[in-house]
Structures are given as C-alpha cells and as structure tokens.
2 protein chains.
Amino acid sequence: MSNSGSNLDRLRRNNLATVLRIVHRSRAASRAQITAATGLYRSTVAALVAELAALGLVVEGEPEATNRVGRPSPRVHPHPGVVALAVNPELDAVTIGVVGLGALVEHRVRHPVSSAVTPEDTVEIVRDVVQDLRGGPLADRRIAGIGAAVPGLVRAGDGLVRLAPHLGWTDAPIAQMLGDALGVPAMAENDASLGALAEHLFGVGRDVDDLVYLNGGASGIGGGVIAGGRPLRGVGGYAGEFGHNRPGVPDSAHRVSLTGSLEDEVSRARLLAVAGLEAADEPTLERALLESRDESVVAEELDRQRRILSTALSNAANVLNPSLIVLGGFLATLLASDPEKLAELVAEQTLPPTAEQLQLRAAELAEDRLLIGAAELVFAPLLGDPVLASRLAP
Amino acid sequence: MSNSGSNLDRLRRNNLATVLRIVHRSRAASRAQITAATGLYRSTVAALVAELAALGLVVEGEPEATNRVGRPSPRVHPHPGVVALAVNPELDAVTIGVVGLGALVEHRVRHPVSSAVTPEDTVEIVRDVVQDLRGGPLADRRIAGIGAAVPGLVRAGDGLVRLAPHLGWTDAPIAQMLGDALGVPAMAENDASLGALAEHLFGVGRDVDDLVYLNGGASGIGGGVIAGGRPLRGVGGYAGEFGHNRPGVPDSAHRVSLTGSLEDEVSRARLLAVAGLEAADEPTLERALLESRDESVVAEELDRQRRILSTALSNAANVLNPSLIVLGGFLATLLASDPEKLAELVAEQTLPPTAEQLQLRAAELAEDRLLIGAAELVFAPLLGDPVLASRLAP
DNA sequence: CGGAAATGTTGCGTCGGTGCACATATTAGC
DNA sequence: GCTAATATGTGCACCGACGCAACATTTCCG
C-alpha cells in the first residue's frame with residue numbers, strides 16, 4: 001500500500017510536492033498565495049520553499065507590485081535550470097522540445113521526415129538533436145527525463161508501444177530505447193491522452209476537473225479523458241480511444257464506411273475531398289471549408305460528419321458527465337463550422353442534467369500541446385516527490 | 001485545497017482512516033496484517049487500533065488459529081454497534097436495510113407497493129420501518145446515516161433526484177427529506193453507481209481497480225464505472241448512463257426502436273415477449289430463455305440483443321480500458337445464454353490490447369448489492385475521517 | 001508621519017511515528 | 001517435554017514536522 005503521507009517523512013514530501021505543484025501550475029505564486037492555498041502556516045511554507053530552492057526546483061524572486069496593504073510576499077518561480085525533453089514522432093516529422101517546469105516550452109525543433117520513421121530512426125534523430133542542443137538550450141540544465149507522445153496504444157508502466165498503425169510500429173519499446181540512448185529516465189504515452197492532460201493543466205480546461213479531449217488528425221481520431229482531476233488511464237493505459245467506437249448512425253444513408261467506427265465516418269480525408277484539396281494544414285483546410293460551407297457538397301458532408309460526431313460526443317457525455325469537451329484538429333473545424341448546431345445535436349442525445357453542465361470548446365495550446373503533455377509525464381514523479389530532484393545530474 | 005494529510009492532525013486521521021478501511025473491507029484483519037498492509041510500525045498500529053476501538057468503530061477479538069510460528073496477533077473487527085440505513089425505492093417495493101461496517105447486511109425489509117411511490121411515500125415508509133426496527137435490529141446501535149440508492153439521476157453533493165423517469169420523480173430532494181424525517185445524515189446516489197461500488201469493494205470486482213458495471217432491469221439499463229479504484233462521478237454525479245447511449249447497429253434490420261438507444265434496443269420487455277411471459281423475476285426469465293434458446297424467435301432476439309450490447313460494451317471498453325465488465329439483471333442472462341459469443345463479439349470491436357485484458361462476468365452480490373452500495377455512501381465520510389464517529393449519537 | 005494591515009522571521013512547544021529492548025505466545029526440532 | 005526460533009505485543013525515549021506566539025518588516029492610507 002502506498003499510503004501517501006503515512007509518516008513524518010512522507011508528510012514532508014507530500015507538502016513539498018503540493019507546493020511545487022502550485023508553483024508549476026501557476027508559474028509564479030507568492031508565498032502568501034501558497035499559504036492560503038495549502039492551509040499550512042507561514043513558517044512552514046517558508047521552510048518548504050527554502051527546501052525546494054535548495055533542491056534547485058524553485059527560485060524566489062522580487063515581490064509582485066500589488067497595491068495592497070501589508071508586507072509584500074516574495075514570488076516563487078519554477079527553477080529555469082530543470083527541463084524535460086519531449087518528443088512527438090509523427091508521419092511527416094519528429095518534433096523535439098525542451099520544456100521547463102511551469103510548462104514553458106523553451107525550445108522546439110521540428111525534424112521533417114519523408115516517410116514514416118521507425119523507432120530506431122526516432123531515437124537517432126532525438127540523439128542528434130539533443131547533441132546539438134547541449135551547447136545551447138540544454139547548457140547547464142538538469143534534464144529530468146524524456147517523454148514521448150506517441151500516436152498509438154502505449155502500455156502504462158513501461159511505455160511499450162503496443163500498436164501505432166499510423167507509424168507502422170508494433171511492440172516497440174520506445175521508452176526503453178530512448179532511455180538507453182540518452183541515459184535519462186524515459187517514458188511514453190498516447191499523444192491524445194497527453195493532449196488532454198496539457199489542456200487540463202494549462203489550456204481551455206484549466207479550471208475543469210472532468211473533461212474529454214478529442215483530436216482529429218490525418219491518421220484518425222484520438223482522445224483522452226480527465227476524470228475527477230486525474231487522467232483516466234484504464235488498466236493498460238489504453239483508455240480514451242474514442243476513434244474506434246461505433247456510434248449509432250440513425251440515417252443509414254449517412255453511413256459511408258464498413259466498420260461504422262467514428263474515425264472511419266468522421267475523417268479529415270473526406271473533408272479534404274469535398275474541399276477539393278490534396279493536402280493541407282489545419283488552418284488552410286478550415287479556411288477552405290468555412291468559405292465554401294454554403295456549397296451543397298461541402299455543407300452536406302459537414303452536416304453528416306457533425307451528426308455522427310454529435311452521437312459519439314453524447315455517448316461520451318452520458319458515460320463521463322464532463323463539464324467540457326475539448327475538440328482539436330479538424331474536429332475543431334467541425335465545431336467552428338456551426339457551433340450552435342453541434343451543441344444542439346449533442347444536447348438532443350444527452351440526458352438533460354448532463355447536457356446542462358456541458359460545454360464544447362476548441363483546443364487552445366496549438367503546437368505546444370503535446371510537448372507540454374509529454375513534459376508533464378516526465379515531471380510527474382518529481383511533482384509527486386520533489387526530493388527525487390537530488391538524484392538529478394547537475 | 002483539501003491537502004489531505006498536510007499537518008500532524010490530518011496525518012493521524014489519515015492513518016486512522018487507512019486502518020479503518022482495511023478492517024471494513026476485509027471484515028477481519030490481524031494487527032500484524034494491518035502492519036504489513038500499511039507499512040506503519042507495530043506500535044503505531046497498536047495505538048491506531050486502540051483509538052479506533054475507543055471511538056467505538058472496531059473491536060479486538062481472539063487471534064485466528066493460524067499454524068504459524070510466533071505470537072498470535074489479535075484480530076480486529078468492525079464494531080457491530082455502528083450501522084448505516086440503506087433504502088432502495090423501486091417500482092414494486094421499497095427495500096430498507098440495516099448494514100454494519102464491513103458491509104454486513106444485518107437486516108432487510110422489503111415493503112411491497114402497488115404503484116410507484118412518491119418521495120413522500122418513501123420517506124413515510126422508511127420512517128415507519130425504522131420505527132419498528134428501533135426495538136430490534138437498531139437497538140443500541142449508533143446510526144451513521146441513511147443512504148438511498150435511486151433509479152435515476154442524482155445530483156452529487158446534495159442528493160437531489162433530478163430525474164427518475166421510472167418512479168416519476170423530478171427534482172425530488174430525497175436526501176434532504178430523509179434527513180429531516182430521521183434526524184441523521186442522509187445522502188443519495190444513482191443505484192447502478194452504487195452497485196458498481198459494491199461489486200468493486202465486496203463482489204466480483206474485489207481486486208479490480210478499473211471496472212464497468214451494467215445492470216439490466218425492468219425500467220432500463222443503468223451503469224456505473226470504477227476508474228483507478230475510485231468511483232467515476234463526473235461534474236454533476238450523473239456519469240455511467242450507458243443506457244442512453246446510442247451504439248452503432250451494423251444491420252439496420254436489427255434496429256427496432258426510434259432512438260436507437262441501448263436501453264430501447266436491448267430490453268427486458270422484448271425478452272419477456274419472446275419467452276412468452278407476462279412478468280417474471282430474473283431467475284424465472286433466465287430459466288425460460290435458456291430452456292428455449294434453440295427456438296428461432298428466442299435465438300434471434302437473444303442474438304440481436306447480444307450484438308447491440310456487444311457494440312455498447314466495446315465502446316465502453318475502448319474509452320475506459322477496464323479489466324472487467326460486470327453484468328447484472330437480464331444483461332447477465334444475455335451473457336449466460338452464450339458467454340463465448342458475447343466475448344467474441346466484444347473482442348472483435350475492441351482494440352486488441354484492450355480486449356486482451358478485458359473480462360466479462362456476471363454480478364455477484366444479488367439482492368444485497370444496492371444496500372451495500374448505499375451503506376458505503378453513508379460510511380464514506382467515516383472511512384475518510386474516523387474521528388467523526390465521536391459526533392455520532394450513542 | 002503615524003497607525004493599521006499583511007507578511008516574513010525566529011524560537012519553542014506539541015504531537016505522531018520510529019525503533020529499541022523486553023515480554024509473550026506459538027511452532028519446530030530433538 | 002524441553003528448548004530454540006520466530007513472530008508479535010508493549011513501553012519508553014528520540015526525532016522531526018507543523019503550529020503558534022512574538023517580534024520585525026514593508027506597504028497603504030488618512
């Protein structure tokens with residue numbers, strides 16, 4: 001039993017973790033704010049902050065110029081010297097980021113590739129890029145580890161990629177490989193789950209403890225769930241695969257695929273086709289669709305996809321009762337093309353009390369989302385027990 | 001911030017809670033077992049158990065006759081003097097139970113009703129029954145509170161029944177009413193969510209932290225989810241409404257309802273019809289169906305319902321990645337009528353790594369399930385902070 | 001410019017868990 | 001049967017974390 005906080009040592013570490021999490025999430029918090037948020041006494045917070053500073057995890061800075069009575073309280077910031085590496089292998093590129101505590105993306109390198117990368121390619125690219133960065137953004141930084149956001153099913157615990165159809169990976173021990181190559185702790189998780197986490201901690205879902213995140217990409221639809229303020233992982237870590245669900249399709253003429261799965265019915269390829277585009281990035285596709293949304297072919301396809309999506313979203317809402325559904329990629333475009341209609345369709349198929357509390361929103365963090373999520377994976381152990389920082393290489 | 005265990009007082013109460021939860025879940029644990037499970041020191045456990053005993057929550061008994069070396073360790077049991085009242089208003093009856101710590105159902109009263117009860121009826125019945133019990137099962141007991149398992153949407157926090165179509169209740173403050181009538185803390189929650197909790201803590205799902213529970217009753221299909229060892233509630237407490245989901249129905253001839261919702265397609269009424277029964281309890285229906293499952297009308301309807309159910313289960317599995325799906329009521333009959341077939345259909349539509357770890361099982365706790373779940377609701381505050389017991393009437 | 005308010009700083013008190021030393025109860029081996 | 005080994009209960013001294021009170025510091029306000 002990991003009875004967190006069972007003895008004095010755990011108690012201290014718990015409180016250190018609580019303080020560090022506050023600083024991490026807020027990026028800057030005065031000691032007075034920390035005192036209020038934790039309920040701990042002033043002197044205790046002072047001692048905890050001092051210990052975190054000694055661990056090299058936070059720095060105390062000048063007080064914020066607030067126009068209030070009383071002695072100003074020094075502001076506590078994440079220490080810029082601690083970073084996580086984040087990797088996102090995709091069909092067209094491998095993106096690598098350097099992310100500080102507080103989810104600050106300090107550096108991002110996009111390494112384009114012509115064809116799908118193998119796990120070996122990925123590790124090699126990462127090694128090369130990191131080598132280059134050692135002189136610059138990584139100089140004098142302590143690297144907490146490396147996290148990979150992978151478009152596929154990633155086993156919880158060891159970061160084994162069970163299946164990434166898009167990349168063509170099967171049972172690839174990507175975390176193990178990255179760890180061996182770089183000599184730092186390495187972990188991996190599904191990209192959409194990390195996107196959900198990032199939007200929850202630093203995006204549209206900041207103040208929301210129950211949300212569903214769905215992202216529409218070229219390869220399909222991925223998803224992640226935050227329930228009760230915590231990521232929903234399931235036994236194996238495979239939770240959130242909304243794309244493979246089969247929602248009801250009331251009008252059989254609307255069904256265009258054999259399986260009837262969400263990502264076969266609601267797909268970027270079909271939107272590109274009606275927009276008359278070969279390939280396009282998301283803003284281009286969105287613009288094209290919004291400009292031509294009155295043409296009947298476009299309008300009908302948007303409507304068809306919106307309807308099927310609405311059933312899938314209602315199914316999710318009935319089961320998870322979230323206060324927010326965050327849509328990314330081309331799903332955000334489906335929302336943008338007629339927000340009221342989508343909301344109306346969802347509300348129709350959702351139990352009224354659940355529908356009342358439900359909001360639909362587009363994602364917010366753009367290209368940093370997966371890097372932030374992957375970094376969060378790396379920081380998680382540290383945010384759970386800051387004393388681990390003493391083991392980081394200087 | 002409810003930073004559990006932030007100070008010394010919380011630390012103590014946390015540890016008390018941990019010990020009490022162990023005793024509650026196991027019904028009997030030796031002090032040595034508690035020591036091992038918590039990682040606390042022998043002397044600490046002794047002190048904690050002594051404090052729980054002083055609070056009237058546990059009793060120490062004779063050591064179990066184990067054939068091992070060493071001094072025998074006294075066994076710690078839940079104190080029989082602490083009970084919760086549990087209520088389950090249903091169409092045909094109001095059931096009231098007296099449940100002790102350790103989920104021991106000490107007494108059960110079924111009060112049949114001819115037509116659906118109102119909230120007022122329910123409270124009156126409960127008051128009368130409890131009055132009768134005061135001389136017997138409730139004599140010299142400390143009542144921790146009363147919990148209601150309601151077939152409908154119950155708002156988290158205040159136990160307001162937003163909607164119970166089956167009973168015809170709308171915005172009924174049942175928890176408030178029960179509390180006022182009995183003068184004890186009162187709370188309410190959806191029946192299936194409590195069923196899920198009960199099966200997780202004391203039923204088939206004992207050692208499982210991620211499970212989905214689906215119950216098929218006369219009025220429809222209710223559900224509950226345990227994710228990461230904790231009940232999934234959602235913002236409003238309405239999570240788990242699988243019955244209102246619309247699963248894909250590949251063969252349009254299989255679709256028989258307008259909405260296409262799970263509970264309209266997969267229903268007890270249609271099973272009764274093909275079995276040629278007017279009304280029947282669950283064992284009778286199950287026997288009738290299993291005996292006639294080779295007749296084509298019966299076989300076809302079983303097959304049709306099984307297929308649609310399988311899609312709904314797959315949808316749930318893809319999103320929640322549970323290790324167990326527990327089926328109750330007539331859904332257990334659908335499983336029993338051809339377990340391999342249902343498992344096969346689910347596996348087909350579920351992502352392979354998710355399907356690998358997934359098991360389908362029938363529910364286990366029978367008629368005690370909802371009473372145990374409702375009692376758990378009552379005991380929850382006590383199991384979170386045993387010191388609250390000092391406020392219970394003697 | 002002085003009082004009020006808010007917060008940092010310091011030292012001490014309280015209290016919870018640990019661990020040692022010893023007592024006790026059971027099994028295993030001869 | 002007796003003794004050794006083992007596991008656990010018991011009592012007490014120790015350590016360490018947080019709370020608190022008193023004092024110091026900084027700002028705002030009239």
Side-chain angles (χ1 to χ4, degrees), chain A residues 1-20 28-55 58-76 385-387, chain B residues 1-20 28-55 58-76 385-387:
Chain A
M1 171 168 299
S2 73
N3 182 10
S4 99
S6 65
N7 57 28
L8 284 182
D9 185 42
R10 281 260 177 76
L11 171 57
R12 192 86 211 274
R13 273 146 63 176
N14 257 346
N15 285 338
L16 283 172
T18 304
V19 172
L20 184 57
S30 70
R31 265 164 49 187
Q33 289 172 328
I34 296 172
T35 302
T38 56
L40 297 168
Y41 199 73
R42 296 203 294 265
S43 47
T44 306
V45 171
L48 292 171
V49 170
E51 186 165 345
L52 289 175
L55 285 165
V58 303
V59 286
E60 286 197 88
E62 289 303 297
E64 189 183 19
T66 164
N67 285 331
R68 291 198 331 215
V69 241
R71 178 174 176 172
S73 187
R75 275 156 53 104
V76 185
D385 183 4
V387 175
Chain B
M1 170 168 299
S2 74
N3 181 11
S4 98
S6 64
N7 58 29
L8 284 182
D9 185 42
R10 280 262 176 75
L11 170 57
R12 192 84 211 272
R13 273 145 62 175
N14 257 345
N15 285 339
L16 283 172
T18 304
V19 173
L20 183 58
S30 71
R31 260 157 59 181
Q33 289 172 327
I34 296 172
T35 302
T38 57
L40 296 168
Y41 200 75
R42 296 204 294 266
S43 40
T44 306
V45 171
L48 292 171
V49 170
E51 187 165 345
L52 289 175
L55 285 164
V58 304
V59 286
E60 287 197 87
E62 289 303 297
E64 188 183 21
T66 164
N67 285 330
R68 292 196 333 213
V69 252
R71 178 173 176 174
S73 188
R75 274 155 55 102
V76 186
D385 182 5
V387 174

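Lettering follows sequence order; numbering is per chain, from 1.
- What separates CD of E64(B) from C1' of dT26(C) is a distance of 14 Å, to the nearest Å.
- A straight line from CZ of R10(A) to P of dG16(D) spans 18 Å, rounded to a whole angstrom.
- A distance of 11.0 Å separates CD1 of I34(A) from OG1 of T18(A), quoted to the nearest 0.5 Å.
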Can you name the atoms? Protein N/O to nucleotides 27-30 of chain D N/O, anything below 3.5 Å, with the distance.
unit_1: dT27(D); atom_1: O2; unit_2: G70(A); atom_2: N; d: 3.3

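- Heavy atoms of P74(B) sit under 4.0 angstrom from primed sugar atoms or phosphate atoms, though from no base atom.
- Rounded to an integer number of Å, the gap from L40(B) CG to dG9(D) C1' is 16 Å.
- The base of dG17(C) does not come close enough to the side chain of S43(B) for any donor and acceptor atom to sit less than 3.5 Å apart.
- Proximity note for A32(B) (side chain, C-beta onward) versus dT18(C), dG17(C), dT8(D): the nearest is dT8(D).
- Distance CD/E64(B) to CD/Q33(B): 7.0 Å, rounded to 0.5 Å.
- An OP1 or OP2 oxygen of dC18(D) is reached within less than 4.0 angstrom by a side-chain nitrogen or oxygen of N15(A).
- At whole-Å resolution of the value, CG in D9(A) and C1' in dC18(D) are 15 Å apart.
- Side-chain N or O atoms of S30(A) include none that pairs as donor or acceptor with a backbone N or O of R75(A) at under 3.5 Å.
- Look at R31(B) and you'll find a side-chain N or O under 4.0 angstrom from OP1 or OP2 of dT10(D).
- Between R42(A) and R42(B), it is R42(B) whose nearest contact on DNA chain D lies nearer the 5' terminus.
- Protein atom CG of L48(B) is 13 Å distant from nucleotide atom C1' of dT18(C), rounded to whole Å.
- Between L8(B) and L11(A) the shortest side-chain heavy-atom distance falls below 4.5 Å.
- The shortest distance between the side-chain N/O atoms of R12(B) and the OP1/OP2 oxygens of dT14(C) is not below 4.0 Å.
- In this structure, N15(B) CG and T44(B) OG1 are separated by 8.0 Å, a value rounded to the nearest 0.5 Å.
- Note: CD (E60(B)) to C1' (dT10(D)) measures 13 Å, nearest angstrom.
- Whole-Å rounding puts the N7(A) CG to dG19(C) P distance at 9 Å.
- Looking at S73(B), its side chain does come within 3.5 Å of a backbone N or O of R31(B) through a donor-acceptor pair.
- Nucleic acid contact class of S30(B) (heavy atoms, under 4.0 Å, all strands): none.
- Considering only the side chain of L8(B), dT14(C) comes nearest among dA21(D), dG8(C), dT14(C).
- The side-chain contact (heavy atoms from CB on, under 4.5 Å) test with V76(A) singles out one residue from V59(A), V49(A), L52(A), L20(A), and that residue is V49(A).
- The shortest distance between the side-chain N/O atoms of S73(B) and the OP1/OP2 oxygens of dG9(D) is below 4.0 Å.
- In this structure, CZ of R13(B) is placed 14 Å from C1' of dC15(C), rounded to the nearest angstrom.
- Atom CG in L16(B) sits 7.0 Å away from atom CG in L55(B) (nearest 0.5 Å).
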